[in-house]
Amino acid sequence: MTDALLETKAVAKSYGSVVALRSVDLTVQPGEIHALLGANGAGKSTLVKILSGVIAPDSGTISVNGRSVTMRRPPEALKAGLATVYQDPALVPDLTIAQNLTLTAIDEDAVRSRLTAMGLGRLDFDAQIRDLPLEVLRLLDLARALAHDPQLLLLDEITAALPSDQAEHVFGIMQEWKEKGRSVLFITHRLAEVLSLCDQATILRDGRTVAQVEPRQSGERGLVTPMLGEVAAELEAATSRVISQEAPINLATADLYSGGKVNGISFELRAGEILGIAALEGQGQDRLFELLSGDRRPDRGEVIVNGSPLRARSPYDAIRRGVVLVPSDRVLALLPKRSVRENLAIPLYNRVQRWLGLVGDEDTRTNKAIERLSIDTRAHRQVRRLSGGNQQKVVIGRWLANGFRTLLCFDPTRGIDIHTKRQIYDLLKEVADTGASVLVYTSELPEIPLLCDRVLVIYNGRIVHEQDAANATEEVLLSAAHGLEESA
Amino acid sequence: MTVADLPGVRRQAASMRLLADHPLWILGGVLVVLIAITGAIRPSYLSFSGLRNTVLLAAPLGIMAAAQTLLMLTGGIDLSVAMVATGAAYVAGNRSPSGALIAIASGLLVGLIAGATNGIGVGIFQVNPLIMTLAMAAILLGLFTSWAQTIFTGSTTVAPLIKTLGGGSFFGNRVPYNALIWVGVALVVMWLLKRTGLGRITYAIGDNPIAARLSGVRVWQVHLVLYTLAGLLAALAGILIAGRTGAVDLQLASTFLLPSVAAAVIGGTSIFGGVGSYSGTILGALILSVLNSMLTFLNVGQAIQQVVYGLIVLLLAWLYAKVTTER
Amino acid sequence: GDGASGDGGGDEGPWTIGVSNTLVGNGWREQMICAIKAEASASGVIDEVVVVNRNGGPTEQIADLESLISQGVDAIILNPTDREALNSVIEEAIDQGIVVVAVDQAVTAEGAYVVTNDQVAYGRLGAEWLFEQMGGTGNVAYMRGIDGVPADTDRDTGFQEALADFPDINVVSEVFTGWDPSTGASQALELITTQQIDGIWTSGIDYTVVDQFAAADVPYVPIVGADNNGFIAQLIELEGDGLVGAAVTNPPAIGGVGASVAISALQGENPDQEVILTPQVFDSSEQGDLEGLYDADQQVGWSTYVNIDPYTSYEAADVATCQGPGE
Amino acid sequence: MTAVVRRRALNLRRHGWSIGVWLLLAVLIGWYVLLIPRFGSFQIASIIKNSLPLVYLAIGQAVIVITGGIDLGAGAMLVLANSASATLMQDQPFLVTILIGFGIILGAAALNGFVGWIINVSRVPDIVVTLATSFIYSGLALMILPGPGGGTSAGFRILFTGSDDGTGTSFGFSLGMLLVPVVIAAFFMRRSRTGLSLYATGSDLNAAYLSGVDIRRAKVIGYAFGGAMAGLAGLATVAITGSGDPRFSIGANATLNSVAAIVLGGVALTGGIGSVVGAVAAAIIVFFLSPILSAMGIDPNTAQVVQGSLIVVVMMIAGLLALRRRRAK
Ligand SMILES: Nc1ncnc2c1ncn2[C@@H]1O[C@H](COP(=O)(O)OP(=O)(O)OP(=O)(O)O)[C@@H](O)[C@H]1O
Ligand SMILES: Nc1ncnc2c1ncn2[C@@H]1O[C@H](COP(=O)(O)OP(=O)(O)OP(=O)(O)O)[C@@H](O)[C@H]1O
Ligand SMILES: [Mg+2]
Ligand SMILES: [Mg+2]
């Protein structure tokens with residue numbers, strides 16, 4: 001066997017008292033797609049940051065093509081042949097695409113041809129990053145990384161923010177890289193992707209390498225068991241829940257229109273129901289959630305909460321009526337420098353009447369939320385130090401601590417490990433069982449039958465398909481989402 | 001990822017970590033050292049009256065810095081505090097013939113109006129706080145200069161009660177009255193920040209205004225309340241300064257502006273919001289007060305004073321950052 | 001006036017006077033402007049006073065002066081920020097037939113009228129009074145203005161001249177108040193409570209210094225100040241409590257003198273190119289004179305020494321109302 | 001795809017604010033022209049040369065703020081450069097004064113670059129470090145030049161003012177001295193990789209770092225550039241006034257004006273947004289508003305109020321525009 005392309009030995013890294021990596025061994029051979037797996041907080045992103053020169057390890061060795069390397073800055077990793085697409089976009093928001101490329105001294109044409117291959121050929125390079133949707137940024141990040149023609153491509157949860165059609169482009173590129181005899185280190189929480197794409201998988205748990213397996217042989221269970229250790233979860237089938245047609249309608253919309261993005265949406269959501277929304281990227285689902293959560297007012301039509309119209313000037317009005325939002329982007333929802341507790345308690349104080357003094361049962365409420373979501377509070381003093389999955393739990397936990405009637409979740413499991421995902425499914429069902437309503441948009445279509453009772457497919461700002469979630473196959477949903485079947 | 005993740009960052013020793021958990025100890029230590037140095041320059045400073053002076057001079061600064069702290073925690077700043085203080089003091093001085101209480105109330109009214117206007121500008125019209133308050137200072141200066149010749153003519157000597165509150169002491173002339181007021185303000189501000197919903201929201205807005213909004217906080221309300229409160233605190237500080245100087249003019253508090261920011265910053269409040277405490281600011285104000293005494297006693301020209309002042313502020317901030325920057 | 005500048009200071013009015021000042025909100029400067037307006041009104045030959053007033057240095061003042069030239073004023077009265085820096089603009093104005101009068105501080109421009117208080121004498125006269133009052137021996141606190149500003153430098157010259165004649169006088173503290181009352185108050189409090197001081201010379205920051213004696217509960221020492229209404233009031237009211245002091249005049253009414261010089265120049269009367277007012281010393285032993293100076297209805301920073309013979313022709317009340325012609 | 005946006009609309013949006021500020025300046029000057037009896041080269045020269053120091057200061061401040069900092073010591077640096085140059089240049093021939101001028105600019109750049117370095121290593125927020133340096137610079141200025149004085153060569157004065165005594169009717173030189181630094185700064189910031197790295201650093205520190213930008217170097221360069229511009233402002237001051245003045249208040253006033261100017265000019269204090277071109281127009285407005293208002297016959301105290309209100313109103317408009325844009329998005 002020749003030298004491995006990348007080999008790390010006993011890499012460790014701590015942040016103060018939080019140990020992010022204890023001892024990571026990873027070997028990536030040339031010409032393979034290698035999955036890096038682990039629950040939230042296992043240390044995947046930390047390893048990626050070390051491999052791309054963003055942070056320095058406390059100890060351990062890294063060698064590329066058999067030669068030991070130290071990378072103190074991102075450009076040094078690039079020089080060593082390692083290019084990374086980080087978990088968070090690494091494009092400068094106030095510059096244009098062209099300027100971002102100039103900044104990194106990357107040839108525009110190379111990026112352009114990459115983008116064309118991904119179906120983004122018409123992208124205006126004078127557009128400001130700030131104005132571009134997240135998926136475009138992910139692909140742009142990818143195209144930029146490819147322009148370096150790296151030996152090893154590191155992809156940290158790139159597919160988490162991508163709708164399935166665009167994820168396909170990424171898979172194509174991974175294949176291409178493999179065929180070229182180069183390698184890809186691929187981080188994802190979607191095990192299906194691992195099973196179908198990856199040749200090898202290294203699994204981290206609590207900052208330690210616990211296994212290296214060949215996914216095609218081990219199967220899903222073979223991945224999950226080492227990943228989760230003792231708590232290895234059952235992969236249950238969809239549970240069908242029965243929603244009484246007499247249950248009150250908690251949330252409804254009547255012919256909503258907004259800025260050409262939402263073009264006449266009407267639906268009803270009953271107490272106890274979990275309603276899924278499926279859509280490709282950019283079909284108006286984000287605007288719909290803005291309207292429902294009181295962040296924006298519709299041009300036409302109404303949002304109806306418990307039978308009376310919601311005329312919200314700000315999210316406060318919706319929250320007061322019991323309609324609360326878990327946004328897609330955690331960065332929007334968290335107070336990064338404050339503690340978990342404060343993050344959870346914030347909505348308790350959105351009313352002026354409660355400004356003087358603290359709510360008596362603040363502690364009980366927040367503790368309950370922490371327990372119920374089993375939030376890992378090792379780094380509780382500042383939420384920014386939590387792993388992505390735990391951050392997401394905090395955002396959901398906030399509403400558990402506060403109370404609500406209708407929960408709007410926009411892609412709540414984005415970037416969440418399989419165990420936590422289960423926890424969130426169970427939690428949402430539990431919440432629904434107590435008579436609340438849940439509206440979920442998810443970019444992962446297989447989630448729909450696992451989580452929802454009913455599903456709406458949105459295309460071009462309109463509902464084009466509706467059905468029971470339990471029988472919703474990915475194929476049916478996908479074709480509806482492409483607008484191929486006009487039915488309502 | 002944050003800057004703290006960047007390379008070149010060393011790990012801290014355990015003792016440093018202990019200090020990092022209690023950054024106020026450092027400030028306390030610095031204060032003691034400065035007092036000792038000042039005492040070495042002028043031994044008689046280490047006496048009841050010397051220390052009383054330090055507190056007496058720090059109190060209005062500390063109150064003004066409370067305004068600054070509240071706003072800095074939201075990511076804002078108030079560059080109009082000095083002019084609001086001056087305006088309030090001017091009105092209080094001018095209304096003194098009608099009695100001290102009316103004078104104080106009229107002075108506070110100035111703070112209320114100016115602060116609320118700042119709050120409306122920042123909260124509702126989204127004007128950058130630095131610019132809003134800078135402009136407010138200019139506007140107030142213009143208004144008061146012309147009012148001084150029209151509606152606020154006459155006496156500018158403050159009422160005896162205000163003099164006593166601002167400059168007097170009790171307990172054998174050892175404890176300044178203004179220190180009592182400062183303690184009161186400090187208790188209220190610390191209670192607000194630590195033990196109330198408003199405090200929680202204040203930190204939240206400074207940390208991430210979008211998250212606060214999505215949690216149902218109406219950010220403009222918080223701005224309105226806090227800027228108004230800051231205006232009131234600045235006005236109170238101004239009235240106390242007037243009491244100490246005995247009379248008012250339109251430049252009364254102008255020298256307090258930069259120190260009010262410096263006190264909060266030295267005390268560990270982040271100019272970007274979301275991090276800080278009033279207890280730090282209190283120590284910051286005391287440190288600056290001792291520093292001023294030290295410079296007075298040094299008997300050197302302004303050139304050296306300015307250099308020394310700048311260097312010490314820089315070194316203090318550096319020391320604080322070094323110990324508290326979490327890695 | 002008619003916009004016809006440049007054709008010489010002819011002898012037909014009415015004329016327009018432009019005023020350039022670079023310190024906003026300063027009581028002394030405001031009164032100076034009021035005195036200009038009052039004299040312009042009283043003369044009956046001026047139909048407009050255009051004031052450009054903002055905080056700034058020579059650069060700003062050059063721009064303002066050029067703007068006044070462009071506006072076609074017939075005379076310019078300025079309180080210069082610099083002795084030399086404005087000369088070419090002033091000469092440009094004079095070339096265009098504009099009468100230029102520098103008040104308070106001198107300029108060296110050819111053809112400009114200069115009206116100043118004798119700052120060297122100010123420093124010397126006050127110091128001499130103080131040192132004599134102290135019996136030629138003891139500790140003096142020397143409270144100056146702003147380091148590097150010509151008026152402060154001149155006063156220091158006078159002070160040092162006086163000091164040279166009193167070998168047993170010790171200057172134990174030399175501080176810069178920045179001409180800021182609250183800074184002066186803090187420094188005074190620190191000084192009188194931490195060392196033996198037998199006399200205080202102030203550069204016009206006087207009434208707030210006097211107030212500190214009561215705050216510190218320390219007996220008064222002889223003090224030199226300026227002709228501020230608040231200080232005069234203290235010299236009268238606190239005489240019984242043992243306050244001894246002297247007010248050395250540095251009247252803002254010098255603006256009125258400047259206006260009067262400008263007007264005679266416009267009328268073709270060829271006034272003296274240079275007017276230097278010698279300060280008067282009013283001390284607390286002449287209570288009658290002090291009472292003549294005191295005006296209970298005026299602000300502390302106000303100078304009631306407004307009628308300066310033979311130059312001014314207004315009533316004291318005209319200065320207080322601060323209205324120019326046509327306002 | 002939503003990402004395909006028309007190019008022209010975008011550019012107008014990005015430069016709209018700068019254009020608006022230049023229009024406001026044009027309107028104000030037009031108004032001024034109507035108010036004064038004569039308008040000619042003397043007035044043009046006056047407007048251009050006198051605004052040079054604040055324009056330079058604003059360019060430097062803009063660069064620093066775009067890089068994600070703020071320089072409260074800019075005005076003090078102006079005073080320091082002014083005092084040092086007036087002291088050194090007195091009675092020197094033209095060529096020597098030019099050399100001294102370059103020396104001052106380099107020195108100012110080095111000193112302020114050092115401040116940027118201190119900010120990097122100390123991790124003390126910019127506003128605090130530069131607050132401290134504002135005192136230090138002022139103190140140094142006063143040490144170098146204890147009172148107003150000093151001088152420079154006639155040629156040096158011509159260079160900035162077009163006249164050997166600082167006042168006159170020729171404005172060619174001033175216009176050149178206005179345009180050259182503006183163009184250089186604008187090109188540097190928008191076209192060079194280094195300039196873009198400053199924008200990147202101010203816009204998003206992490207993204208910039210991950211993109212391979214040396215963010216510490218960017219900060220040092222930003223501050224050095226700002227220092228050089230403040231040094232140039234000090235030189236312009238010595239050319240206009242023919243002397244040096246070490247007063248603290250001059251620096252403090254200039255700093256506040258520079259901050260007001262860049263914000264008015266569309267530079268966001270949060271960093272990464274805005275252009276030096278807008279800041280230049282705003283600097284001229286901030287500098288000339290007072291005489292213009294006085295020419296309108298407005299009492300100076302009222303003018304102070306008008307000036308403050310104008311700034312607030314303009315910023316309110318900016319806020320409402322931003323809100324509308326967000327709504328429309
Ligand atoms: N800057 C930091 N300071 C302190 N702790 C940190 C910091 N960054 C990460 N951590 C901690 O290190 C651990 C590993 O985090 P990391 O982001 O690598 O997890 P991950 O495997 O990528 O998880 P996810 O799947 O949720 O993205 C977590 O416990 C996290 O709280
Ligand atoms: N019957 C209801 N219909 C609609 N919304 C409701 C209903 N009951 C409660 N809500 C909403 O659900 C949220 C939580 O309700 P809850 O009664 O727990 O409020 P709370 O947090 O205890 O506050 P408070 O008791 O002070 O009103 C609130 O926003 C409330 O407006
Ligand atoms: Mg991660
Ligand atoms: Mg309730």
Side-chain angles (χ1 to χ4, degrees), chain A residues 14-17 45-46 49 53-56 58 71-73 86-88 293-295 313-320 324-327 329-338 342-343 345-359 362 381-385 395 398-399 402, chain B residues 1-14 16-18 20-21 73-75 124 188 191-222 224-226 229 270 272-276 324-327:
Chain A
S14 305
Y15 294 102
S17 54
S45 296
T46 306
K49 285 184 200 160
V54 174
I55 51 178
D58 299 337
M71 296 168 294
R72 270 153 306 171
R73 280 168 28 75
Y86 300 94
Q87 193 166 0
D88 308 308
S293 64
D295 206 8
R313 268 157 302 159
S314 78
Y316 172 80
D317 298 307
I319 293 166
R320 285 297 288 154
V324 305
L325 171 74
V326 174
D329 189 354
R330 294 184 285 269
V331 174
L332 294 181
L334 288 173
L335 312 172
K337 289 182 251 173
R338 307 308 302 174
E342 277 179 64
N343 268 275
I346 252 326
L348 298 177
Y349 303 108
N350 59 16
R351 244 175 307 163
V352 180
Q353 297 91 293
R354 287 195 181 158
W355 279 4
L356 293 181
L358 291 179
V359 174
E362 182 192 295
R381 294 243 296 226
Q382 292 201 322
V383 159
R384 69 188 170 99
R385 294 171 192 286
V395 180
R398 171 179 296 164
W399 296 120
N402 180 64
Chain B
M1 206 203 66
T2 65
V3 194
D5 296 346
L6 302 184
V9 171
R10 274 156 284 112
R11 292 174 58 199
Q12 318 166 299
M16 284 290 263
R17 210 171 300 150
L18 187 67
D21 286 342
L73 286 175
T74 68
I124 297 175
V188 170
W191 170 75
L192 264 186
L193 288 178
K194 287 199 180 134
R195 296 258 163 271
T196 70
L198 181 60
R200 292 290 171 80
I201 288 178
T202 302
Y203 284 101
I205 286 180
D207 201 2
N208 186 353
I210 298 174
R213 180 181 144 81
L214 290 180
S215 301
V217 176
R218 280 152 300 172
V219 177
W220 65 270
Q221 295 177 335
V222 188
L224 188 58
V225 168
L226 289 181
L229 196 56
S270 161
F272 304 114
V275 177
T324 54
T325 306
E326 294 163 82
R327 281 96 246 201

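Values below: all heavy atoms of this structure, side chains included; hydrogens, waters and symmetry mates excluded. Below, chains carry the letters A, B, ... as their sequence lines are ordered, and counting in each starts from 1.
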Please round to the nearest 0.5 Å and tell me the distance separating atom CZ of Arg218(B) and atom OH of Tyr316(A).
4.0 Å

So, Lys337(A) side chain and Gly273(B) main chain: donor-acceptor pair closer than 3.5 Å or not?
yes

Side chain, backbone, both or neither: which part of Leu192(B) has an atom under 4.5 Å from a heavy atom of chain A?
side chain

Can you tell me which of Val217(B), Ile210(B), Asn208(B), Val225(B) forms the most heavy-atom pairs within a distance under 4.5 Å of chain A?
Asn208(B)

Please report the interatomic distance CG(Asp207(B)) to CZ(Arg384(A)), rounded to the nearest 0.5 Å.
9.0 Å

Would you tell me whether Arg338(A) and Tyr203(B) have side-chain atoms, one donor and one acceptor, within less than 3.5 Å of each other?
no

Say you draw a straight line from CG of Asn343(A) to CZ of Arg200(B); how long is it, rounded to the nearest 0.5 Å?
10.5 Å

So which of Gly199(B), Ala211(B), Ala204(B) has the largest heavy-atom pair count under 4.5 angstrom toward chain A?
Ala211(B)

If you count heavy-atom pairs under 4.5 Å between each of Val359(A), Leu358(A), Leu325(A) and chain B, which one has the most?
Leu358(A)

State, yes or no, whether a side-chain contact exists between Trp355(A) and Thr202(B) at a heavy-atom distance under 4.5 Å.
no

Chain B contact via Ala318(A) - which portion, at a heavy-atom distance below 4.5 Å
neither

Closest non-hydrogen contact found for Tyr349(A) with Ile201(B) is O-CD1, 2.5 Å

Find out whether Asn350(A) and Ser215(B) are in side-chain contact, i.e. whether some heavy atom of one side chain is under 4.5 Å from a heavy atom of the other.
no

Which answer fits Val222(B), side chain, backbone, both or neither, if we ask what part of it has an atom under 4.5 Å from a heavy atom of chain A?
both

Taking all heavy atoms of Leu214(B) and all of Leu332(A), pick out the closest pair and write down the distance.
CD1-O, 4.0 Å

